[in-house]
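Heavy atoms only: backbone and side chains are in, while hydrogens, waters and symmetry mates are out. Just so you know, residue 1 is the first one in the sequence shown, and it goes up from there. Every number for a ligand or one of its atoms is a count from 1 in the order of the listing.
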Amino acid sequence: MNNSNRPLDVVILAAGQGTRMRSALPKVLHPVGGRPMVAWAVKAAQELGARSVVVVTGHGAPQVEAALAGTGVTFARQARQQGTGDAFLSGAEALPHTGDADILVLYGDTPLLRPGTLREMLADHQARGSAFTILTGELPDATGYGRIIRDDAGNVTRIVEQKGATDAEKAVREFNSGVYVMDARAPELARQIVPNSVTGEYYLTDLLALYHAAGAAAHAFKLTDIDEVMGANDRTGLAEAEAILRRRINTGHMRAGVTFINPDTNSIEDTVTLGRDVMVEPGVILRGNTQVADGVTLGAYSVITDSVLETGVAIKAHSVLEGAVVGAGSDVGPFARLRPGSVLGTGVHIGNFVETKNARLSDGVKAGHLAYLGDVTVGAETNIGAGTIIANFDGVNKHQTSVGAGVFIGSNSTLIAPRTVGDAAFIAAGSAIHDDIPEGALAIARGKQRTMEGWSRRYWGGMREKVGQKLPWLAEWLERQ
Ligand code: UD1
Ligand code: CA
C-alpha cells in the first residue's frame, strides 16, 4: 500500500506543568542547544513537511505561544490538564483539515528527536499499512514509562502505565516514547477514551485498544538510539540533553574536518556552519547564523553570534563578536569586541581592547590596541593608534565619521563626530579632532607643551620630611641637587 501522498499533520503536546524544573519559565521553554525545547519539536515537524502543526498549550500558555509566534504553528489551549488523551483531542480539534491526513504526535519536551528518525518511522508506518505506529525504545529498566505488551506472535497488544503495571509487566524493557503516527481516524477514536480508573486522567495510550477494536493494525517502530526520546524533566535532565546535543553537533563537525581541542567545552548551535580545518579552542561558543570559512582559528573562550568569518581568519582568545563580518586573513583579539554592523575587509588587524560598532574597515586597516570605533567608515591601510576614540554620541544622537585610506591616527586621539578625514591625512597623537581634515594634511589639536626646568626640586623640596619617610629614592635624589 502506498500512502506516501497523504498529508501529514502534527500535534505537539506541551501543556504539562513540569514542576520538577522549579522554574517561573514553562518547562517546554527551557532552552537546549540555544532553542526552547518546544521549538525543536516544531522544527522537526516543519522539516518533515507537515501541512499543519498544532501546539497544545496549558501551563504558561501565553508565554509558550509568544515564544512560538511567527513560526506558522497554531495553538490549542487545553483548558485543564486532564491527561495526554485530552491534550491530543484538544490539538486534533484545532487542526484546520480533518479526515485525510496522517497525524504525528510529538511532545514539547523531547528536543533530541531527529527528523531523520521520524522520517524512517513514517516510512515504516506507510510501508506496513499501519493505522497506529508507536515509537518505542528499550531500556534495562523502563521504570516510569508505559510498557509495550506484545502477544506470542510479537504483535503489540497493549500499553500499560507504570501505575497500573503488574510485576511481570514492570519487567518489560520495551517502553512507549509517547510519539505516535496515527491515521485520520485518530481524533474520532480519541473521543471514545474514558478516564483511567486509577488516576482519572484520559490516556492517549488507550487509543491502541480503540484501534484494535476498530479492526485496525498497530505496530511499534523501535528506536536504535534511545537518547532521542530522553525528556528533560528537571535541570539535570536539561544539562544531560544539552550534553547529548553538544556531542552530536560537535561530532558532526569533527567528521567534516574541524579540530576541537576539548569539545565538551564548546557549545555550537545547529544553525552554525564551519568549514574545513577550522580550529576550535576550548570554551568557544558559536551561536545563531554564524558562518565560519575554511582554516579559521577560533581562540579560547570567544563568543561569536550571527557573524561571518572568511577564510583564514584568526579570532584570538576572549573575543566577543555579534553581527560582524570579518574578511579573509584578518585577525581579531585577544579581548576584542565586534558589535553589530562591524564589517572588516581582508587582512584587517584588530588587537586587544578594541571595540567596533557599525564600523566598515577596509582592507589592511590596523587598530592594534584600546580603541572605540563606532559609526565610522575607514579606508584601506589606515592605522588607528592606541587609545583612539570616535566620539560618535552627543548625548542624544549618534553621528557618522568618515576616515579615508592611508590615514595615520596618532595614539590617544579623539575624533568628534560627525567628522571627515581625507586620504593620507596624519593626526598627531593626543589630538581632539573637531574640524574636518583635508587629504594629505597634518592636524595637531592638543595643548602646546611647557617644560619648566628645576620644577621638581622646588616641589618636593617643600615637603622634604614626608618625602624622606615615604620615597627614599627621591629623598636621596633631592640631597644630590
Ligand atoms: C506518557 C505516556 C507513557 C509514555 C510517556 C513517555 C500516557 C498515558 N502515557 O506518560 O506511556 O511512556 O509519556 O514520556 O500518555 N501533556 C499535556 N496535557 C496533559 C498531560 C500531558 O499537554 O494533560 C503533555 C505534557 O506536557 C508532556 C506530554 O504530554 O509533553 C506527556 O505527558 P506526561 O505527563 O509526561 O506523560 P507521562 O505520564 O510521562
Ligand atoms: Ca513524562
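For ligand 1, none of its N or O atoms has an N or O atom of Gly144 under 3.5 Å away. For Thr84, a nitrogen or oxygen atom sits less than 3.5 Å from a nitrogen or oxygen atom of ligand 1, counting backbone and side chain alike. For ligand 1, none of its N or O atoms has an N or O atom of Gly178 under 3.5 Å away. Inclusion of Tyr145 in the set of residues having an N or O under 3.5 Å from an N or O of ligand 1 is not warranted. In terms of polar-atom proximity, Ala87 is not counted as a contact of ligand 1, lacking any N or O under 3.5 Å from an N or O of the ligand. At a 3.5 angstrom cut-off on N or O pairs, Tyr107 counts as close to ligand 1. Of the polar atoms of Val56, none of the N or O atoms is found under 3.5 Å from an N or O of ligand 1, judged by distance alone. In terms of N/O distances under 3.5 Å, ligand 1 is not approached by Ile159. Checked against a 3.5 angstrom limit, the closest N/O atoms of Asn176 and ligand 1 fall inside it.
Put simply, CG on Asn266 and CG on Leu298 are 9.0 Å apart, with the number rounded to the nearest 0.5 Å.
Met37 places a side-chain heavy atom less than 4.5 Å from the side chain of Leu238. A 4.5 Å side-chain heavy-atom check between Arg51 and Asp100 finds at least one atom pair inside the cut-off.
Those atoms of ligand 1 with a heavy atom of Gly146 less than 4.0 angstrom away are 3 (C), 4 (C), 11 (O), 12 (O). Interface atoms of ligand 1 facing Gln81, defined by a heavy-atom separation under 4.0 Å, are 23 (O). Close contacts of ligand 1 with Ser177, meaning ligand atoms under 4.0 Å from a residue heavy atom, involve 6 (C), 14 (O). Set against the non-hydrogen atoms of Tyr203, the atoms of ligand 1 under 4.0 Å away are 8 (C).
Remark: side-chain polar atoms of Thr290 are paired, donor with acceptor, to backbone N or O of Ser307 under 3.5 angstrom. Checking side-chain atoms of Thr401 against main-chain N and O of Asp375 turns up no donor-acceptor pair under 3.5 Å. Judged purely by atom type and a 3.5 angstrom limit, Tyr372 has no side-chain atom pairing as donor or acceptor with the backbone of Lys357. Without hydrogens or angle criteria, Arg235 side chain to Met21 main chain gives a donor-acceptor distance under 3.5 Å.
Judged by the shortest distance from any of its heavy atoms, Gly231 lies outside the 4.0 Å radius around the atoms of ligand 1. At least one heavy atom of Thr205 sits closer than 4.0 Å to an atom of ligand 1. The closest approach between a heavy atom of Gly83 and any atom of ligand 1 is below 4.0 Å.
The pair Asp227-Arg247 fails the salt-bridge criterion, with no side-chain N (NZ, NE, NH1 or NH2) lying under 4.0 Å from an Asp/Glu carboxylate O. The existence of a salt bridge linking Lys27 and Asp109 is confirmed by a sub-4.0 Å separation between a basic side-chain nitrogen and an acidic carboxylate oxygen. Under a 4.0 Å N-O distance rule, the pair Asp294/Arg276 does not qualify as a salt bridge.
At a heavy-atom distance under 4.0 Å, only side-chain atoms of Gln78, from C-beta outward, approach ligand 1. Only the backbone of Gln82 comes within contact range of ligand 1, with a heavy atom under 4.0 Å; no side-chain atom does.
For Ser130 against Ala217, the heavy-atom pair with the smallest separation is OG-O, 3.6 Å.
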